[in-house]
Amino acid sequence: MINKEVEKILLKVQKPGRYVGGELNSVIKNKDEVDVRFAFCFPDTYEIGMSHLGMKILYSIFNEVPYIWCERVFAPWLDMEELMIERNIPLFALESGDAITNFDFIGFTLQYELSYTNVLNMLKLANIPIKSSDRHDLKQIVVAGGPCACNPEPLADFVDIFFIGEGEEVDLEVIELYRKCRDEKKSKDEFLKLAAQIKGVYVPALYDVDYNENGTIKSFTPKENAPAIVKKRLMMDMDSAYYPDNFVVPNIEIVHDRAVQEIFRGCIRGCRFCQAGFIYRPVREKSIEIINSQCKTLCSNTGYDEVSLSSLSSSDYTEIVKLLEKLNEWTTDEKVSISLPSLRVDGFSDDILDKIMTVRKSGLTFAPEAGTQRMRDVINKNVFEDELMQTCSKAFNAGWTKVKLYFMIGLPTETIEDVEGIAHLAQNVVDTYYRCENKPKGKGVTVNISTSSFVPKPFTPFQWFGQNTRDELMDKQHHLKDTITTKKINYNYHDADTSFLEAVFARGDRRLGKVLALACERGFHFDGWSDCFSLEKWLGLFEELGIDADFYATRQREFDEILPWDFLDYGVSKKYLIKECEKAYADTTTEHCRLKCNNCGAAKYGGGVCYEGR
């Protein structure tokens, strides 16, 4: 239902479809018949938020409960925001058009550190106090989850409850507790104390932090009977885990406009830079039968003609070829294409190639991550150059002419020779194309290489590493560009300035709250977008508040330092991460989970890959 005040300004904005709602499969309820209203806020634009699988799952699971109405809220783009402020229109939900001020829960998914200013700006646009200490009543409870919740401390001043781990069950448990507390006339403080006893719930207000003279953390102390260690929640049986039978179908084109089917969670590989590969352990697969059934239902209910099989590494599904054979039994006749994102170089077999021939040959994407074997050993990528060339040969002989390769620069122990290795690897791919006897006739090859700047993340073996300075990263980017000698290779690189700020907040503590509060006051938002981002302005804020940003981004930490996220248990032990970090500095690899259990700690959950075949 479109808010009438919003309707008046729609023709003045660039993409009105972002703000109107009414999409196929969106859920409309009678608000007089629901008991809890939940505003699911994605702190970015509609096109990005509507592509997010986690939002689709939680939106559906909440709305299956008759007394809960979950509605979607997205950050308005600059043109819409300006008009909303001018016309005094508060931030609203798409389904009802109501201001989110009227909601019981304001929930945010935290996918990217540079969205933190959007979280605060959305509260500001809703006329909701941004600090949790300024929200006193048992309503407008601000909650947050997602991968960035594995270091919640920079947002500790603003969020009432963080959900640690996977949210399907814990979110509903907190909502049930809320209803009970409200019926019993309990206060917000009483509710939060009770919520903190639920596994997977972190309430920042119930912890005190003390600091040493050098700025490091001295102690992290729970109070009011809050747990000293907050343990993550996760779904162990993926076949019985809730999965929606339809998605909201957007009215405008979004980033990933297709049906998405999750085939497993976690990753067996242990790439040392990859946060997701550690915080989602252990690997838990869905069965072929469940995946196939859910794919058919989704396509039937949404009308999509493409299904993306979602995971961190699609080819690591134990029976990927059998799965593709099963899907092809109906997708071929119904002209539904299957896409396999996140394919590894060493997982692109002839069988897989045969099964995905329906996918448009617009290009294939692989992520070698580093240009030399030594560097790939450091990060535990466990792929080899000859495997990449064999994979590219298969693809070129099958008709592909474009390959995209993802790399990182600024990795621990990286040398200038490692950077040059990226250009040499890309050149080898070009040469491989022209050596293929069955390559497409009369067509050239295009190799697109993209580098992102390495950001050390919590719960990885590189969480102690001091990020390269911006000057170092930019020097490496320019050197790589100069090393490329053919126009058949295109090079794009991620801005080092945004990577620096990402590192600040990725490893920050709650003292950064005052920086975020001032940024909100000054109108900072959409920092992940070049239209809005200014590192110069951010550095001005840090200087104004006497905070050293390099203390968080580029400082090397010691193994015995208390880290801001040490009170969270994501299943992988700190002892194991230290061991992996030491192996990285020794250029030594670790076998993946299906070849050998390396005792990371995730076996304590009692299932998944840790117990396959037992």
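Since we're looking at a predicted model, the values are computed, not measured. By convention here, the first residue in the shown sequence is residue 1.
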* To do: Test side-chain contact (heavy atoms from CB on, under 4.5 Å) on Glu153 and Phe567 and set out the steps.
  => CA-CA 11 Å; Glu153 291 304 274; Phe567 67 97; 3.9 Å; yes
* Asked: Passes salt bridge (charged side-chain N to carboxylate O under 4.0 Å, His left out), Lys604 versus Asp569? Steps please.
  -> CA-CA 12 Å; Lys604 67 185 178 185; Asp569 179 2; 2.7 Å; yes
* Asked: Leu324 and Leu309: side-chain contact (heavy atoms from CB on, under 4.5 Å), yes or no, with the steps?
  -> CA-CA 10 Å; Leu324 293 172; Leu309 301 183; 4.1 Å; yes
* Please report the C-alpha distance between Thr469 and Asp471 in whole Å, then the side-chain angles of each, then the deciding distance to 0.1 Å, and finally whether the side-chain hydrogen bond (donor to acceptor under 3.5 Å, both in side chains) criterion is met. => CA-CA 5 Å; Thr469 66; Asp471 286 344; 5.4 Å; no
* Intermediate values then yes/no, side-chain hydrogen bond (donor to acceptor under 3.5 Å, both in side chains), Thr372 and Asp418 -> CA-CA 6 Å; Thr372 63; Asp418 294 316; 2.6 Å; yes
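Under 3.5 Å, the side chains of Arg374 and Thr413 contain a donor-acceptor pair of N or O atoms. No side-chain donor-acceptor contact under 3.5 Å links Trp464 and Glu561. No hydrogens or angles considered: nothing links the side chains of Glu536 and Ser534 as a donor-acceptor pair under 3.5 Å. Side-chain contact of Glu580 with Thr590: a donor-acceptor pair under 3.5 Å is present, judged by distance alone. Using modelled atom types, one finds no donor on one side chain facing an acceptor on the other under 3.5 Å when comparing Thr117 with Asn121.
If you look at Phe459 and Phe278, their ring centroids are not closer than 6.0 Å. Aromatic ring centres of Phe273 and Phe462 lie farther apart than the 6.0 Å criterion allows.
Within the structure, salt bridge (charged side-chain N to carboxylate O under 4.0 Å, His left out) contacts touching residues 445-467 (residues at least two apart or in different chains) are Glu113-Lys457, Lys457-Glu502.
Residues Gln275 and Tyr280 have side chains not in contact (no heavy-atom distance under 4.5 Å, counting atoms from C-beta outward). In this structure the side chain of Arg555 reaches within 4.5 angstrom of the side chain of Thr216, judged on heavy atoms. Considering only heavy atoms from C-beta on, Met236 comes within 4.5 Å of Leu234 through its side chain. Between Arg507 and Pro456 the shortest side-chain heavy-atom distance falls below 4.5 Å. Counting heavy atoms from C-beta on, the side chains of Glu168 and Ile57 come closer than 4.5 Å.
For the pair Lys381 (side chain) and Gln373 (backbone), a donor-acceptor distance under 3.5 Å is absent. Judged purely by atom type and a 3.5 angstrom limit, Arg376 uses its side chain to pair as donor or acceptor with the backbone of Val383. Looking only at distances, no side-chain donor or acceptor of Arg272 sits under 3.5 Å from a matching main-chain atom of Gly270. When atom types are taken as modelled, the side chain of Asp566 and the backbone of Leu563 share a donor-acceptor pair closer than 3.5 angstrom. In this structure, the side chain of Glu306 does not engage the main chain of Asp257 through any donor-acceptor pair within 3.5 Å. Under a 3.5 Å cut-off, the side chain of Thr391 and the backbone N or O of Val345 do form a donor-acceptor pair. The backbone N or O of Met235 lies less than 3.5 Å from a partner atom in the side chain of Glu166, making a donor-acceptor pair. Under the 3.5 Å distance criterion, the side-chain polar atoms of Asn118 are matched with a main-chain donor or acceptor of Pro43.
Between Met375 and Pro412, the shortest heavy-atom contact is CE-O, 3.0 Å.
With sequence neighbours excluded, the residues satisfying ring-ring contact (aromatic ring centres under 6.0 Å, His included) with Tyr491 are Tyr493. Every residue two or more places apart in sequence or in another chain was checked for a ring-ring contact (aromatic ring centres under 6.0 Å, His included) with Tyr317, and none qualifies. By the side chain to side chain contact (heavy atoms under 4.5 Å, CB included) test, Asp495 is found to be paired with Asp497, Thr498, Phe533, residues two or more places apart in sequence or in another chain being considered. The side chain to side chain donor-acceptor pair (under 3.5 Å) search around Arg511 returns Asp509, not counting sequence neighbours. Residues passing the side chain to side chain donor-acceptor pair (under 3.5 Å) test with Asn598, sequence neighbours excluded: none. Partners of Glu385 under the salt bridge (charged side-chain N to carboxylate O under 4.0 Å, His left out) rule, at least two apart in sequence or in another chain, do not exist in this structure. The salt bridge (charged side-chain N to carboxylate O under 4.0 Å, His left out) search around Lys537 returns none, not counting sequence neighbours. In this structure Arg269 satisfies the salt bridge (charged side-chain N to carboxylate O under 4.0 Å, His left out) test together with Asp316, Asp346, sequence neighbours excluded. With sequence neighbours excluded, the residues that form a salt bridge (charged side-chain N to carboxylate O under 4.0 Å, His left out) with Arg594 are Glu285, Glu612. By the ring-ring contact (aromatic ring centres under 6.0 Å, His included) test, Trp77 pairs with Phe526, Trp529, sequence neighbours left out. Every ring-ring contact (aromatic ring centres under 6.0 Å, His included) that Phe42 has, sequence neighbours left out, goes to His52.
Taking the six-membered ring for Trp and thresholds of 30 and 60 degrees, Tyr202 and Phe162 have nearly parallel ring planes, at less than 30 degrees apart. Between Tyr116 and Phe505, the two ring planes are perpendicular [angle over 60°; tilted spans 30° to 60°]. Between Phe524 and Trp538, the ring planes are perpendicular. Angles over 60° get that label, and only those under 30° would be called parallel.
For Glu414 and Lys476, the salt-bridge test passes: some basic side-chain N is under 4.0 Å from an acidic carboxylate O.
Across Ser308, Ser339, Ser51, Ser310, a single residue satisfies side chain to side chain contact (heavy atoms under 4.5 Å, CB included) together with His256, and that is Ser51.
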